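Keep in mind that what you see is a predicted model, and the values were worked out from it rather than measured.
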Amino acid sequence: VQLQAYGGGLVQPGESLRLSCAASGRSFSLNNVGWYRQGPGNERVYVATITSDSRTDYADSVKGRFTISRDNAKNTVYLQMNNLKPEDTAIYYCNVDVSELVGELRLPRNYWGQGTLVTVSS
């Protein structure tokens, strides 16, 4: 399974961005997907999760501003980020749980995307 995370960029405080995490490959099903972020000099921290049945959860720091969603037909998960703040500046990573066909076995696997940079600055 390959992951492509994109949609980052430079925005001003109060503006919005939508990140995408697209999974591709052969014989897999996308289960839970999470977004994490790593700010300058900080550890990677949790942002949001969406389950296979579209239940969502958010870190307190982004509740009410960020929305995670998924398009199962496209194997893509989105993170809509509104009212961005300078403290949201970070590299954003998606993390996916999949069921992947390996030979004759369907195995649980976990993958990280490559990260996309979000910079919020005036």
Heavy-atom closest contact ([X] atom, [Y] atom, distance):
X	Y	answer
M81	L19	CE-CG, 3.7 Å
V1	A23	CG1-CB, 4.3 Å
N31	V98	ND2-C, 3.7 Å
R37	A90	CB-CB, 3.7 Å

Next item on the list: Start with the C-alpha gap between L3 and V96, add the side-chain angles, then the distance that decides, and say whether side chain to side chain contact (heavy atoms under 4.5 Å, CB included) holds.
Entry: CA-CA 9 Å; L3 297 179; V96 303; 3.7 Å; yes

Margin query: Can you confirm if the NZ or CZ of R44 lies within 45° of the ring axis of Y93 and under 6.0 Å from the centre of its six-membered ring?
Written below: yes

Check: Counting only heavy atoms not in E87, do more than 12 sit closer than 6.0 Å to its CD atom?
Finding: yes

Margin query: Distance alone, cut at 3.5 Å: any donor-acceptor contact between the side chains of N83 and S16?
Written below: no

Next item on the list: Establish, from distance only, whether the side-chain atoms of Y46 and T49 form a donor-acceptor pair under 3.5 Å.
Entry: yes

Checklist line | Verdict with reasoning, R65 to D88, per side chain to side chain contact (heavy atoms under 4.5 Å, CB included) | finding: CA-CA 11 Å; R65 300 187 299 122; D88 295 317; 2.7 Å; yes

Check: Can you list the steps and then say if E100 with L107 is a side chain to side chain contact (heavy atoms under 4.5 Å, CB included)?
Finding: CA-CA 5 Å; E100 189 172 9; L107 301 176; 5.6 Å; no

Flag the pair [X] / [Y] as yes when at least one side-chain heavy-atom distance between them is below 4.5 Å, and no otherwise.
X	Y	value
V11	T119	no
P13	P86	yes
N110	N95	yes
L79	F66	yes
Y58	T67	yes
I50	W35	no
S54	R70	yes
S69	R18	no

Do [X] side-chain atoms and [Y] backbone N/O form a donor-acceptor pair below 3.5 Å?
X	Y	value
R106	S99	yes
T76	K74	yes
T116	Y6	no

Notebook entry, point to check: Are R109 and D97 close enough, and set up right, to give a salt bridge (charged side-chain N to carboxylate O under 4.0 Å, His left out), and what steps lead you there?
Noted result: CA-CA 6 Å; R109 295 280 176 88; D97 291 323; over 6 Å; no

Item checked: Of all pairs that satisfy ring-ring contact (aromatic ring centres under 6.0 Å, His included), the ones with a partner from residues 95-122, not counting sequence neighbours -> Y36-W112

Note to self: Before you tell me yes or no, could you show the steps for E15 and V120 under side chain to side chain contact (heavy atoms under 4.5 Å, CB included), namely the whole-Å CA-CA distance, both residues' side-chain angles and the distance that decides it to 0.1 Å?
What the structure shows: CA-CA 9 Å; E15 294 186 338; V120 185; over 6 Å; no

Checklist line | Nearest-0.5 Å distance that lies between atom CD in Q12 and atom OG in S121 | finding: 8.5 Å

Item checked: Electrostatic pair D60:K63 at N-O distance under 4.0 angstrom -> yes

Notebook entry, point to check: Should Y92 and L17 be regarded as members of a common hydrophobic cluster, given that ILVMFWY residues are connected when their side-chain heavy atoms come within less than 4.5 Å of each other, either directly or indirectly?
Noted result: yes

